[in-house]
Every structure is written in C-alpha cells, then in structure tokens.
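Data block below; observations after.
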Amino acid sequence: MAEDRRALLDEPDTFNDWAKHQGALLLEDIRAWSVYIYHWIMSHWPMGPIIAYPPTESANFTVVNNEKTRLIAFQRKKKEGAWRMFLRWVCLLLLGVSVACLYQLIRGTMEIIQEWKFGILRDYMREGGYGMAWISLFGIMLMLVGSSGLLALWEPTAAGGGVAEVISFLNGARPSNLLSYSTFLFKAIGVTVAVSSGVFIGPEGPFIHLGSIAGARIPSLLYLAFQKVPVVGRALESLLSDSEERNFVVAGAAVGIASAFRAPIGGTMFVLEEALSFFDSKLIFRTYFCCAVSYFTLKLLSEGHYLSTSSLTFSSAALQTTCYPGYAAVDLIMFAIMGVVSGLAGVLFNIIFIRAQMWRAQFIKRWGWRKLAEIIVLTFITSLFIAFLPVNYGCAPVTQLASHLAGFDPDDEATYADPLIYKQTDYCIASTTQEFFLNYSFAEHTVDAFLESKYLQTALCPEGYYNELASLIQVTGHEAVTLLFASGAYDMFHAKAVAIFGVVYFVLCGVTAGLSIPAGIFVPSMTIGACLGRLLAIFTNIYVKLPLGLTPIDPGPWAMIGAAAFLCGSARITVTMAIIILEITGDFRYVPGIAIAVVFAKMTGGFFTKSIYHMMIHLKDIPFLEDIPSSAMDNVFVRDIMTTPVIALHHHETYTNIRRILQGCKHNGFPVVKADVDEEHDKPKETESTEDDPDATELQQQQQQQQ
C-alpha cells in the first residue's frame with residue numbers, strides 16, 4: 001500500500017488523476033447525502049405544498065347487533081362484564097390524573113419561560129435601552145413561535161385549537177390523524193412554546209384537544225400492556241370500539257377544559273352544551289367524575305396536602321376584597337346593554353377570524369414557507385406593540401389604587417392612616433392595599449415591590465409609580481385577566497389605557513389565532529370581554545352614576561361579566577361560560593348580571609353569525625349535521641342531494657363485487673339494502689328491467705349464483 005502511494009507521488013499525472021477521481025466520488029457522496037437530507041427535511045418540515053390528509057370518514061357509533069355479537073355476548077362470563085366496568089373507571093381515573101399532571105407541567109414550563117422573557121425586557125427598559133429591549137423580545141418570541149410553527153408543519157393536525165375537530169368527531173365525523181400519538185406530542189410541545197412566546201393566544205383550546213387524545217389512547221395503552229391476561233385483555237378489548245372511544249373522548253375534552261380553568265362543573269357542561277349530540281345520565285356522571293379527579297389532582301400538585309378554599313384561577317390574594325356593595329336597578333339595564341355590545345363585538349371578532357382564515361386559504365394555501373413567513377411577520381408586529389406601545393404612555397401614582405375612597409387625599413399622608421376611610425360600605429378596596437396605606441412609609445415599605453405583587457409594572461416609571469398600559473400588555477394573558485377582574489381598585493386603569501389595549505388585542509388576536517401553531521381563543525376572548533366590561537363600567541360611572549349622585553360601581557365585577565358575555569357572543573356557550581366564570585372567580589354576587597348579559601349576547605350574536613367553532617367546521621369542510629336544520633331544508637328530500645345512481649351493497653355480496661365498488665369510489669360508506677325476495681320461489685323479484693344496465697345485470701347474476 002505504501003509502495004502504491006509512493007508510485008502515485010513519483011508520477012504527478014497519475015496522482016492528479018487519482019485525486020480528481022477521489023474528489024469526484026466525494027462530491028457525488030456529498031450530493032447524494034444532500035439530496036437525502038433535503039428530502040428528509042421536506043418530508044418532516046415541508047416548505048413546499050403540504051400533503052393533505054385523507055378525507056374525513058364517519059365514525060361507527062352504532063352498536064353492532066348480529067348473530068356473532070349475540071353469540072359472543074351469550075358466551076361471555078359475568079366476571080368479564082365486571083372487569084369491563086372496573087377497567088372503565090380505572091381508565092377515567094387515569095385520564096383525570098394524567099391530564100392534570102400534563103397541564104401542571106405545561107403551565108409551570110410556560111411560567112418559567114415567560115418570567116425569563118419579560119425579565120429580560122424589563123431589565124432593558126429600566127436602563128433605557130428600548131431598542132435592545134425590542135430586539136431581545138423579538139428574538140425570543142420568534143424562536144418560540146417559529147419552533148411551534150415547525151412542529152405544526154411536521155404534524156398539521158397539531159395546529160389550531162382543535163376544538164372544532166373534536167366537536168365534529170363527537171358528532172360522527174372522524175378527521176384523519178386527529179387522535180394520534182404524534183398529534184398529542186407535537187401539540188403539547190407546540191402549545192407550550194407558542195403561548196410562552198407572548199403572542200395573543202391561549203392554551204385552553206389545545207388542552208381540550210390534548211385531553212381528547214388522552215381519553216382515546218389510555219384504553220389502547222392499557223390493552224397493549226395487558227392483552228395477554230385472559231379476562232382483563234378481553235375486557236379491555238371491548239373498550240376499544242368506536243362508541244366507547246367516543247365516551248372517553250367526551251371525558252377527555254371535559255377534563256381538558258376543567259384542568260385549564262380548574263372548573264370541573266364548567267368542563268362537564270361544555271361537552272354537554274357544545275360538543276356532544278348524544279348523552280345519557282351515566283356518561284354525565286363519568287365525565288364529572290373524571291373532571292373532579294383532575295381538579296383535586298391539580299390542587300394536590302399546586303398546594304400539597306393542605307387544600308385551601310381560595311386558590312381560584314383568576315383571583316389573586318393581592319387583589320381580593322371583603323367588601324360587597326350592592327347594585328341598583330339601573331345596573332340591570334346596563335347589563336343588558338353590555339350583553340348587546342359584547343354580542344356585536346363577538347360577531348365582529350368571528351368575522352375578522354374567518355376572513356383571515358379565508359385569506360390564508362386563498363394566498364397562504366398549504367405552502368410551508370408561506371406559513372412560516374406569516375408567523376415571522378405577525379410575531380414582528382406583536383413584538384413592536386408589546387415593546388413600544390407603553391413607552392410614551394404616562395405613569396400613575398400608587399395612590400391611584402385608593403383614590404376612589406371618599407375622604408382619601410393623595411396629597412395628605414395623614415389621611416392614609418385613617419381606618420374609617422377604609423370601612424365605608426359603599427366602596428371596596430383590596431385588603432392588601434388597605435394594609436399598605438395604613439402602614440405607609442417609604443422607609444419601611446418598598447412601593448415598587450408592593451406594586452409588582454399586584455402584577456403592576458414599574459420598569460418605565462420612577463419610584464412609587466406604575467405604567468397602566470405596560471401592566472396589561474407586558475404581562476401574561478393570565479395576569480392581564482386577573483388585573484382586569486380585580487375588585488377594590490376603581491381607578492387602577494383609566495379608560496384610555498383599557499381602550500388602547502383592548503383594540504390592539506382584539507385585532508391581533510383575531511388574526512393570530514388562525515396561525516399554523518397550536519392556539520386557543522378562550523383566555524384571549526375573556527381578555528377582550530373584560531376590557532369591554534371595564535370600559536362600560538368606567539363610562540357608566542362618569543356619565544350616569546356621578547351626574548345622578550349615585551354610588552360609583554366597581555369595574556372589576558363588570559369586567560368579569562363582560563368576559564362571559566363576549567365569549568358567549570363569539571362561541572355561543574351560555575350556561576358553560578356562566579358556570580366557568582363563577583368557578584374561576586368565586587364571585588357569586590353578580591349572578592343576575594352574568595345571566596342577563598349572557599342571554600342578550602347569545603341572542604345578538606346568533607342573529608348575525610353562527611358560533612366561531614361551527615364556522616371553523618364549515619370552513620374546513622368537515623361533515624357536520626346541525627341539531628336543528630335550517631328551515632330551507634324543510635322541502636329538501638334525500639333524493640335531491642344524493643348522487644345517482646346510488647351505489648349500495650346488498651345483504652349478501654361477493655368479494656369481487658365489494659372490491660369493484662371500493663375501487664371505483666372515493667368514499668367508504670355505503671347503504672346496505674335487503675333485496676325483495678319472493679318467498680315462494682326464493683329468488684329476487686324483478687321489479688325493474690335491467691337490460692339496459694349491465695352493472696345491475698351482473699350484480700343480479702352474482703346474487704343468483706350465491707343463492
């Protein structure tokens with residue numbers, strides 16, 4: 001070998017030829033590997049046209065009842081039926097625990113990422129480096145949202161909220177790959193990074209989808225683990241039918257929303273009101289059991305062995321109040337007006353969302369690079385608003401939190417320590433705010449620490465001041481809703497700050513929610529509705545209450561009512577939304593207001609458009625039968641919409657004929673008809689002439705051969 005190399009070195013021409021040959025081989029290998037890597041990337045993260053999934057099939061929810069199933073039921077032992085019932089409850093228990101643990105993991109991860117991201121932003125803001133603050137924010141947001149978009153390109157069914165698809169599945173359709181393991185994995189990771197980025201989306205919709213997948217897959221996993229155990233394996237196998245899978249998906253969808261909001265009753269009501277077309281008392285009880293297990297699992301994970309009664313989803317200990325002022329009869333009229341306004345706003349939101357989706361269907365289509373380009377553009381715009389919108393907005397003093405109290409003088413510190421000011425029955429104040437002002441002293445208390453404990457942002461302001469707009473837009477969606485719901489701080493936000501934030505959030509959320517990333521609209525819709533409710537409360541105080549000499553109203557509960565009304569105007573979920581609002585706030589004082597606003601929002605929104613989820617179902621061309629058909633369908637017969645000739649299967653068919661029919665059709669569902677048989681001659685009656693129909697003649701001959 002060494003001699004050959006020496007020979008090559010001694011003969012330059014030979015060595016050059018050998019080097020060229022080896023270089024050509026190396027280039028060929030590099031080219032081959034490049035093509036392989038390119039095709040691998042394109043198959044997993046396709047920048048070109050994404051391959052569409054097969055068309056939606058119908059689920060077989062009907063119970064099979066034939067001779068074979070009756071024989072199996074007759075031979076089945078009673079012990080196997082007891083095992084099936086026991087294992088069904090085991091699956092529900094595991095479903096509740098697993099979804100709660102998953103939510104706690106995702107929520108904790110999102111909080112860590114968001115705290116890190118906003119910490120960097122505020123540090124630069126305090127130093128005056130607004131440009132670096134935006135660059136760092138945009139870089140972090142793009143990294144998080146871009147990675148979520150890549151996951152959605154890899155698994156397209158992971159994009160969006162998934163609520164419309166789950167509703168379709170529970171009503172008989174089966175969108176392809178909806179309940180797969182890959183969808184679960186990519187949706188869980190994608191929603192974590194997407195929501196952490198700070199774009200105006202929420203995790204609640206994707207969690208309904210994740211819970212549905214978990215409900216469908218837990219019995220399958222148990223069957224794979226115990227299929228060789230004689231009785232247990234057969235009992236688990238019976239839980240894998242389409243009808244049983246539907247029941248577990250119902251429980252999974254309910255436990256998804258119950259975990260996200262810590263609202264077990266609201267989760268149960270959601271699937272009954274919006275998602276499921278058929279239910280019974282047993283299914284309701286199983287679903288509620290699963291939601292209750294999830295709720296207590298979350299309590300144990302977040303609070304340990306001591307289960308408090310005050311840990312509500314959108315209620316902070318720093319913002320709680322023990323004052324309960326009543327409301328006048330004129331407020332009931334304002335609740336109805338709030339319902340109408342929220343219903344109209346919900347209709348406008350649906351139109352913006354659907355128009356954006358139609359634009360995507362026309363221009364973005366299924367091109368991967370266009371989807372990523374859209375993600376980059378919207379992330380760029382959102383980061384600009386988050387970073388620069390509060391910069392030129394003024395700062396508010398800490399005394400603004402108590403300026404609504406009669407006798408409280410912001411310029412006279414002597415009034416701060418008067419306990420009688422805080423014991424007024426007509427005005428509320430947060431207990432921590434009262435304690436702060438009673439012991440007010442710059443030497444003993446750090447004002448900024450007190451403000452930040454209320455989620456109020458001080459990075460752009462001097463000591464003792466906070467920025468109203470930054471407190472709404474430079475925080476997480478959960479913290480923004482908590483601040484808008486806050487009671488006992490009438491002047492925490494002025495109308496200008498709430499209006500600017502509400503308009504920006506409304507438009508960007510309507511456009512962003514349809515991106516090719518896992519995204520929900522529950523909390524964003526609540527945020528928009530809370531802005532509407534708080535604005536209406538502020539205007540009512542300025543133009544109605546104060547001119548008439550009436551006691552001003554607390555804007556916090558009105559924001560809560562507005563959130564329920566807007567979600568009802570957009571998604572048309574009435575009872576569910578009212579129950580969820582009550583469960584997540586623990587405030588039952590305004591039940592009449594919630595009821596009135598929700599009813600008027602439902603009627604107003606239903607007059608103009610359908611629910612946003614039903615509009616999405618129609619936009620995605622998923623087969624769906626409405627509970628109540630349109631009046632235009634009264635005079636429409638089946639023969640008017642069916643294709644002719646009707647391709648049907650008879651009770652007894654040959655393999656050849658079935659294969660021929662399947663090869664000639666794009667669908668897999670056929671009506672099964674029973675041929676008219678002449679009992680006397682035991683052969684089909686010739687009701688119509690088949691001389692001109694060779695297919696019918698061939699089919700009739702095959703049936704005669706069978707007989």
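Numbering of residues begins at 1 and proceeds along the displayed sequence.
Partner F200 forms a side-chain contact (heavy atoms from CB on, under 4.5 Å) with one of I521, V195, L508 and no other, that one being L508. The only option from V293, V255, L210, T297 that meets the side-chain contact (heavy atoms from CB on, under 4.5 Å) definition with V99 turns out to be V255.
Closest approach of L472 to A497, counting heavy atoms only: CD1-O, 4.3 Å. Nearest heavy atom pair, residue L222 against residue C91, reads CD1-SG, 3.5 Å. Nearest heavy atoms, G267 versus C291: C-SG, 4.4 Å. When all heavy atoms are compared, the tightest approach of S196 to Q114 is O-CG, 3.6 Å. In terms of heavy atoms, I375 sits closest to G146 at CG2-N, 4.5 Å. Pairing each heavy atom of A601 with each of C568, the nearest pair is CB-CB, 4.4 Å.
With salt bridges taken as basic N to acidic carboxylate O contacts below 4.0 Å, one links K620 and E165. Using a 4.0 Å cut-off between a side-chain N of Lys or Arg and a carboxylate O of Asp or Glu, R174 and E245 qualify as a salt bridge.
Side-chain contact of S294 with S259: a donor-acceptor pair under 3.5 Å is present, judged by distance alone. Between the side chains of R217 and S98, no donor-acceptor pair of N or O atoms lies under 3.5 Å. No side-chain donor-acceptor contact under 3.5 Å links S302 and R107. Donor-acceptor pairing under 3.5 Å is lacking for the side chains of R122 and Q474. Remark: the T157 side chain and the T183 side chain contain an N/O donor-acceptor pair separated by less than 3.5 Å. Looking only at atom types and distance, the side chain of N177 has a donor-acceptor partner in the side chain of E155 under 3.5 Å away.
Here CG of L515 is found 9.5 Å from OG of S148. Values are rounded to the nearest 0.5 Å. In this structure, the separation between CZ on R360 and CD on E374 is 4.0 Å, given to the nearest 0.5 Å.
Between the side chain of K602 and the backbone N or O of G343, no donor-acceptor pair lies under 3.5 Å. In this structure a side-chain-to-backbone donor-acceptor pair under 3.5 Å is missing from R286 to A251. No side-chain donor-acceptor contact under 3.5 Å links R262 to the backbone of Y295. Proximity of a side-chain donor or acceptor of H209 to a complementary backbone N or O of P518 within less than 3.5 Å is not detected. Side-chain atoms of Y103 come within 3.5 Å of backbone atoms of A260 as a donor-acceptor pair (strictly under, hydrogens ignored). Listed for the S471 side chain is no donor-acceptor partner under 3.5 Å among the backbone atoms of L456. Counting only distance, with no hydrogens or angles, the side chain of K371 and the backbone of L150 share no donor-acceptor pair below 3.5 Å. Side-chain N or O atoms of S197 include one that pairs as donor or acceptor with a backbone N or O of A194 at under 3.5 Å. One N or O on the side chain of N350 and one on the backbone of S570 form a donor-acceptor pair closer than 3.5 Å. A donor-acceptor contact shorter than 3.5 Å is absent between the side chain of E204 and the backbone of F261.
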message: Could you go through Y124 and L137, starting from their C-alpha distance and side-chain angles, then the distance that decides it, and tell me whether this counts as side chain to side chain contact (heavy atoms under 4.5 Å, CB included)?
response: CA-CA 10 Å; Y124 280 117; L137 177 66; over 6 Å; no

message: Evaluate I106 against F207 for side chain to side chain contact (heavy atoms under 4.5 Å, CB included), listing each step before the verdict.
response: CA-CA 10 Å; I106 291 178; F207 242 89; 3.7 Å; yes

task: Start with the C-alpha distance between F522 and L567, add both sets of side-chain angles, then the distance that settles side chain to side chain contact (heavy atoms under 4.5 Å, CB included), and finish with yes or no.
output: CA-CA 7 Å; F522 269 92; L567 252 174; 4.2 Å; yes

- request: Assess whether side chain to side chain contact (heavy atoms under 4.5 Å, CB included) is satisfied between I120 and E115, documenting all intermediate values.
  value: CA-CA 9 Å; I120 295 175; E115 183 179 356; over 6 Å; no

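The aromatic ring centres of W89 and F248 sit 6.0 Å or more apart. Here F385 and W134 keep their ring centres 6.0 angstrom or further from each other.
The side-chain heavy atoms of L102 and F184, taken from C-beta on, include a pair separated by under 4.5 Å. For the pair L484 and T527, the minimum side-chain heavy-atom distance is below 4.5 Å.
The aromatic rings of F501 and Y505 are tilted relative to each other, their planes meeting at an angle between 30° and 60°.
For Y181, the OH atom counts as densely surrounded, since its 6.0 Å shell holds more than 12 non-hydrogen atoms of other residues, nucleotides or ligands.
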